[in-house]
Amino acid sequence: MGGALPNFELGPVEVARSLIGCTLLIHDVGGRIVETEAYDFNDEASHSFRGVTPRNKAMFGPPGTAYVYLSYGLHWCFNFVCRPVGQGAAVLVRALEPTDGVATMEIRRGTTDLRRLCAGPGCVAQALGLDRSFDGAVIQPPAIELLPPRMEVELSIGRRVGISKAVEQPWRFALKDSRFLSRRIALV
DNA sequence: CTTTCGATGATCT
DNA sequence: GATCATCGAAAGG
């Protein structure tokens with residue numbers, strides 16, 4: 001029995017959980033989501049914590065849209081915007097298990113190492129061809145397609161990666177025992 | 001295998 | 001001027 005698509009009317013922790021196992025495709029290229037992180041409103045680690053700026057404006061947009069930003073001046077990162085509306089909550093996609101358009105992703109990434117193709121938020125964006133033009137985009141075909149899990153999903157839960165605030169929050173979610181994660185995750 | 005560190009430049013204060 | 005939701009190469013065990 002398979003799962004359901006996320007309900008973007010819920011908060012980012014619930015959306016981050018339910019995105020695991022879904023398939024994300026950008027123009028038919030992508031794979032199964034195996035790692036996500038929740039960034040809540042009122043969350044010190046979130047870009048939205050200090051209010052709207054030009055960069056994070058899309059984060060305050062409607063649930064079910066994308067927030068795409070440039071990290072460290074070099075890597076694009078893709079988020080799903082969710083509830084509460086106008087408060088700046090989102091889910092970062094950190095890793096995919098490549099399933100569709102692998103040859104395209106290998107060219108974009110410059111490697112044929114399947115495990116490393118989409119292992120990290122910057123890698124995901126590079127493999128899928130994401131950039132600023134997707135910032136604020138609605139999650140809908142043909143550009144952005146999200147498919148529900150085909151099987152039951154078992155989760156691992158741990159702390160978020162690469163942040164210096166609110167580090168104790170267990171808001172990182174992964175497909176249990178996946179080989180395609182950006183880094184190891186704590187067993188919970 | 002793990003840890004460290006430099007690149008890199010947009011963004012915000 | 002400081003920070004940064006990263007990456008990958010290099011160095012160390």
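One interatomic measurement links the two molecules: CZ of A:Arg115 to C1' of C:dG8, which rounds to 16 Å at whole-angstrom precision. Computed from coordinates, the A:Glu37 CD to C:dT6 P distance equals 7 Å when rounded to whole Å. What separates CZ of A:Arg50 from P of B:dT11 is a distance of 18 Å, to the nearest Å. Distance, A:Phe78 CZ to C:dA5 P: 18 Å, rounded to whole Å. Atom OH of A:Tyr72 is separated from atom C1' of C:dA5 by 8 Å (rounded to the nearest Å). In this structure, A:Leu70 places its CG atom 12 Å from P of B:dC12, rounding to the nearest Å. Summarising the geometry, the separation between CZ on A:Phe41 and P on C:dA5 is reported as 20 Å, rounded to the nearest angstrom. In this structure, NE2 of A:His47 is placed 9 Å from P of C:dC4, rounded to the nearest angstrom.
Within 4.0 Å (heavy atoms only), A:Arg172 reaches no atom of the nucleic acid at all. Residue-level contact check: A:Arg109 touches the backbone only, with heavy atoms under 4.0 Å from sugar-phosphate atoms and none from bases. Within 4.0 Å (heavy atoms only), A:Ser182 reaches no atom of the nucleic acid at all. Within the nucleic acid shown, A:Arg94 comes within 4.0 Å of sugar-phosphate atoms alone, with no base atom in reach, counting heavy atoms only. Residue contacts shown for A:Ile163 are limited to sugar-phosphate atoms, with no base heavy atom under 4.0 Å away.
Closest contact between the side chain of A:Met59 and the listed nucleotides C:dA5, C:dT6, B:dC12 involves C:dA5.
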- Using the side chain to side chain contact (heavy atoms under 4.5 Å, CB included) rule, take A:Leu117 and A:Thr112 through it: C-alpha gap first, then chi angles, then the decisive distance, then the call. CA-CA 7 Å; A:Leu117 270 192; A:Thr112 57; over 6 Å; no
- Passes salt bridge (Lys or Arg N to Asp or Glu O under 4.0 Å), A:Glu37 versus A:Arg160? Steps please. CA-CA 6 Å; A:Glu37 284 178 355; A:Arg160 296 178 290 182; 5.5 Å; no
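Each of A:Arg184 and A:His75 was assigned the nucleotide of DNA chain B with the nearest heavy atom; the assignment lying further toward the 5' end belongs to A:Arg184.
By the 30° and 60° cut-offs, the orientation of the rings of A:Tyr67 relative to A:His47 is perpendicular.
Partner assigned to C:dG1 is B:dC12, using Watson-Crick or G-U wobble distances below 3.5 angstrom.
Between A:Tyr39 and C:dA5, a base-stacking contact is recorded: ring centres under 5.5 Å apart, planes less than 30° from parallel.
No side-chain donor from either of A:Glu106 and A:Thr111 sits under 3.5 Å from a side-chain acceptor of the other.
Each of A:Val34, A:Ile33, A:Val161 was evaluated against A:Arg94; a single residue qualifies, A:Val161, per the side chain to side chain contact (heavy atoms under 4.5 Å, CB included) test.
OP1 or OP2 of B:dC1 has not a single side-chain nitrogen or oxygen of A:Arg183 nearer than 4.0 Å. For A:Ser46 and C:dA5, the shortest distance from a side-chain N or O to OP1 or OP2 is not below 4.0 Å.
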